[in-house]
Structure formats: structure tokens, C-alpha cells
Amino acid sequence: MGELTRSFDWASTPVGDFDKWPQSLRTIVSIILSSKFPMFLWWGDDLIQFYNDAYRPSLGNSGKHPAALGQKGVDCWPEIWPVVYPLIQKVFAGEAVWSEDQLIPIYRNGRLEDVYWTFSYSPVRNDEGKINGVLVVCNESTEKVLSHAKLAESERNLRNVIYQSPVAMCILRGPSFIIEIANEKVLELWGVTAEVIGKPLFEGVPTATGQGFEELLENVLLTGETFTASGLQFQLLRKGKMEKIYINLLYQAWRESDSSISGIFVIAIDITEEAKIRHKIEVAEERARLAIEASGMGTFDKDFLTGILITSPRFDEIFGYNTPKSGADYFGLIYPEDTHIREDAYKILEKTGKLYYECRIIRTDKSLRWIRVEGVVYKDAEGKPLRLTGIVMDITDSKYLSKQKDDFIGVASHELKTPVTTIKAYIQILEEMLKIKGEAQELSIIKKVDNQVDKLTTLINNMLDATKMVSGRLEYTYSNFIFDDLIKETVTDLQITTRKKITMELSANNCTVRADKEKVEQAITNLLNNANKFSPHAENIVVRTFIKDHQLYCDIQDFGIGISDENKEKIFQQFYRINNNNKNTFPGIGLGLYISSEIIKREGGKMWVTSKEGEGSTFSFSLPCLPADETDEEKSV
Ligand code: ADP
């Protein structure tokens, strides 16, 4: 600026040629130019301007510099002249002016900018001692003012964040923890109103005292270390009664710009509801665990993603181990002949998501045990299997009892068979004798006795068959026969015993089956008898045969009481009878379907039922159909 000032054409200004400047002007200009403080001078009536290097930045990059040098004040500052000129006049009247952080927008950097100034205007006298100029010593405080404004704004923002936060937040100030800011959530959590704001915490919320919070807060104030805790439990008076509350809590030191700690910022999340639910779940889990333990069941959980198998101590114990092992260690104990049972169960599991099987294991101490395994698969939203969870039971004792029962039934029915056969023989002799004698009345009585003996024989035979089936001792005699012919024979025999019309819709087209004819007939008779027995008010029974994919299918349909979904699988088990209100009306011991389905299974087929309660049932079975070139062969096994 010294260079510029020296070379400026002052003659063209009212100040006049440099050589003719009064001493007072020379002195003040030289002070200005050599000062490191921003300085500026208005001189003479036209207020011609001088300024130094330190002042230049305040004029901006593409603004007033260098035109401002030697320029008239009014020409240079049209935008602020209304503010500045009165001050200049004051100075000319002999009064210095001081102003701090005053906003005086100026045109610089190509636009009108908000600029803050701290400045003094002081009079400068000429050689005659008369006030002839104004010295401006100034400092731009825009940055200071803006950073203060930013600070204020960020404090405002913080307050807004706190007030609008969906979780409880507050700021506590000073050693007595004055509640400076507290949002609705915090007031709700404390069970108080906004009146507590401005009061010390433990005065505003007295029930919070004596629960350890004082020490925690004091420690944060002292050390500046943040405190966090999850699931913290405490008591508060809310809505007139003491309540147990669970929170996740954060105490953070509130630091000033000199990093001294002036207070504590608090965030609290009320998790009372979640904690209550979690507690309930834990109690329920504990109860379930105790119940499972008491029942002697072992539990397992297999994670399909990681392959990790978790077993309970009882699970390990059932397999004869005292520590958890790998899956292979457990299932490697399965009795070799029973491994297929587990494999078959897993095939069903893939389709149904349910696991069920019973098999034998040989434990490491060589003892043989029976186990039952049950489980369910849990899937993710896309249906991908995640886990298999289930139980295992040692059923050796019940298997032993069941074997004892089978043995007893086997022996008892065997022992019964001989006297019943003898009775049957005597009845037939008696029948012949009465026929000869022409005793019609006695004959009809003896016929009834004969009928009952036939029923008894069927019952005994069923019991014998069932026990033989369980132990695998039932013998089969094979022959080839045309299935539809067997149906016709069986239906003809049965039609005599019932008033219902048994309709045949046979389209198995001479399909030949290779099986034990008598046993297949026994199965069909059983199904027809049931259809008759369980449809007391119906008029019809329909028997249907057809062929599909080289398999023979036979349906026996009735229009009777039907079977509920939950019973559809169970009725094929031994001695299972549906326990409904009609139980006394339908005699039976629950063996017929077991025997029939076992026969069909043994012959390579399947048996199932479709039914609707109150509308009737259709029992169906399939059997393999013999290829045409093998139908003539007669074989017996
Ligand atoms: P039983 O007839 O000797 O009781 P089954 O093994 O033949 O034994 O049948 C078992 C049970 O299945 C019956 O007690 C009955 O509850 C039910 N059931 C069998 N067939 C039918 C049918 N056609 N309609 C309704 N329920 C049936």
C-alpha cells in the first residue's frame, strides 16, 4: 500500500499534490502505512480515503481495492453511507466512536456480504489543530461472530434433538445435577411434570435417591468416564405407586470448550415392557425345561447352517454317554437292522417337516435299548430349513410291556382257539341232528349260537394274526388271481349279511395280482365290514377298482359317520378305536385296520383313508399289478 500511495496521482484529488501535503497528513498516513493493525483514514471535506495492507483483506478480492485509495468516501461506500456518515459527523464534532461486532454489510467478492466489525472512529487534526479527518482503526470480527452464531445454533439444534427424541434424554448441570433440559420421555419415565426443570435432580425426583444413581453421576462428573448399563433395575413413584422399571442407561460428561466438565448428558431407554416379556419367556422356558426333564426326555437341536448339534445331558445319557458327542456317535449306535427306519423317517421329514421313528440302539456298554425320536423342522421366510428341534425317549420299558401284552394275547388266543374249534364242531353235529329231527325252533337257536361262535373265531384269528405280524411269524401263501373276481366273490358273500346295497364299479380290467389271496380277501372283508358297521343310516356302499401307472387301486366308500383328521393316521395302529359318543354302538377291538394295512403293506401296496366327519369315508389301497406275460405262472411260497 506504501508503493501504491506514493505513486498515486494525488494532484487529481482534492488532497492535492503529495509535495504540498500538510505535515499532519504525512504523519498520520505514514503511521497508517507502517501499522500491522487494519487502519483507514477519511481526510478533508470530501473524506478522501487512505488505508494500509492490513486493511486490504476487508475490501475483498474483487471488490473495492484499489479503487478505494484516493476515492471519496461517499463514492466508495454507497451501501453503508447512511450508517457510517452519521458516525463520521459525530467524530467531526469531536466525539470518538467505538463499536463492537457491528454488522456493516459491504460489497466485496462480487456481492454484498454481511461483515461484522469492531472499530473505533477517532478524530485527526490538521496542522492548524482543527479536526480534518477520521481515523478508523478496525478489526473484522465476522468469523468470531459467525462461530458464536454457529455455536448458538448447534446448541439450539441439540435442544431440539433432545426435545424431539423418542427416547428419554436430559442434561444435568453442575455438582447438584440441576435439570437443565429434560424431554417429555424423561419426565414420563420419572413420573413428574416439567416443573422439575431448573431443580436439582434428586430434589425434583426424590424417589430416585438412594438407588445408586448419585454415586454414578458423581463419578462421571469427576472422571469424565462415560457410564453405560443395560437392563438396569430401579424403583420409581409413578402415577401414585411404586413401580419397578428396567432401563438401558448412558451418562456422558458434558464438556465445555476448555474441556472442563460442566454437566452430564443422560440417555435412558425404558425397556420395562421388553424386560417383563423376556422374564415371562424365561419362566416359560424354565417350566418347559423342568417338565421335559421330569418326563425323562432328552432334547436336541440341530442347526442346518452350521451343522452344530446341541443335546441335553439326558439325551446323552439315553445313548449311554456322559458328555455331548457328534451326530455320528449317536446314530452309529442304531441297531444295524433298524438303520433303515431312521433313513425312512428322514425321507418323510423332507416332505412333512416332521420326524418320528422308533428303533433299537446298542449302547457302548452293549445293552440294547429302544428309543423314540420326534422332531420338527423350523424354516426361514423362504421355506429353507434352519433347524431341527426335538426329543428322544427311552421306550425300552414300554416296548417290553407291549411285548408281554403281545405274548399274552398270542398265548391266550392260541389256547382259546382249540376249545372254540371243538365247540364249532359240536354245534355242526347238533345242527345236523336237529335238522334230521325237524326241530325248527331249536335249529334257529343253534344257528344263532353258530353265528356268535363264527364272530368269536374271527376275533381270535385276528388276535393271533396281529401277534404273529408283530413278531413277523405270519406266513403267506402266494398265488396269482384276478383281482376283480376276488372282489365279486367277497361282495357276493357279504351282500347276504347286510341290507345295504354294495355297488361294484370294477374297471381293473382283468388285472392279475400275485399275493396271498386269502389274506387280501381278509383285508377287503374287513374294510367292507367297517363300511357297513360305521354307516348305520346309509343305504349304500361302493366298491371301485381301477388301474393307474401299473398299480391296482381299490376304493371302498361308505356314507357313514366319517373320521376326523387327527384320527386318520391313528386308526391303522393296533387296538386304536376312536373314542366318540358312539363307542358303545360299534363293537370291535381295533385290530381290523392294523391287520388289513399290514397285509397290504406286506404285499407291496399301501393303504390310506380319505374322510369327512358326518359324510363318510373312503378306504383305499394299492397293489402291484402283474405284467401280462407273468399272469399264467402259478407259484406258491
Ligand atoms: P374295530 O372295527 O374292531 O374297532 P378297526 O381297526 O377295523 O377296529 O377300526 C379301528 C377304528 O377305526 C374303529 O373303531 C373306528 O373308530 C374307525 N373306523 C374304521 N373304519 C371306519 C369307517 N368306515 N368309518 C368310520 N370309522 C371307521
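First listed ligand is number 1; within each ligand, the first listed atom is number 1.
Ligand 1 is approached by G590 to a heavy-atom distance shorter than 4.0 Å. The shortest heavy-atom distance from F619 to ligand 1 is under 4.0 Å.
In this structure, F300 has its ring center no closer than 6.0 Å to that of Y330.
Close contacts between ligand 1 and S617 involve ligand atoms 24 (N) [criterion: under 4.0 Å to a heavy atom]. Near Y576, the atoms of ligand 1 lying under 4.0 angstrom from a non-hydrogen atom of the residue are 10 (C), 11 (C). Against a heavy-atom cut-off of under 4.0 Å, I563 is close to the following atoms of ligand 1: 25 (C), 26 (N), 27 (C).
In I589, the part holding a heavy atom less than 4.0 Å from any atom of ligand 1 is the backbone.
Classified by interplanar angle (parallel below 30°, tilted 30° to 60°, perpendicular above 60°), the ring pair Y346/Y357 is tilted.
When N530, L459, L591 are checked for heavy-atom proximity to atom 19 (C) of ligand 1, N530 turns out nearest. Across the listed options F575, F534, Y594, F534 owns the non-hydrogen atom lying nearest to atom 24 (N) of ligand 1.
Across every non-hydrogen atom of N510 and I482, the tightest pair is CA-CG2, 3.8 Å.
A side-chain donor-acceptor contact under 3.5 Å links Q495 to the backbone of I502. Side chain of S622 to main chain of L552: no donor-acceptor pair is present (N/O by atom type, distance under 3.5 Å, no hydrogens or angles). A donor-acceptor distance shorter than 3.5 angstrom exists from the side chain of S611 to the backbone of G616, with no hydrogens or angles considered.
Taking any N or O of N526, backbone or side chain, none lies under 3.5 Å from an N or O belonging to ligand 1.
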**OP:** With salt bridge (Lys or Arg N to Asp or Glu O under 4.0 Å) as the test, would you mind laying out the steps for K347 and E350 before giving the verdict?
**Re:** CA-CA 5 Å; K347 279 181 202 146; E350 275 172 28; over 6 Å; no

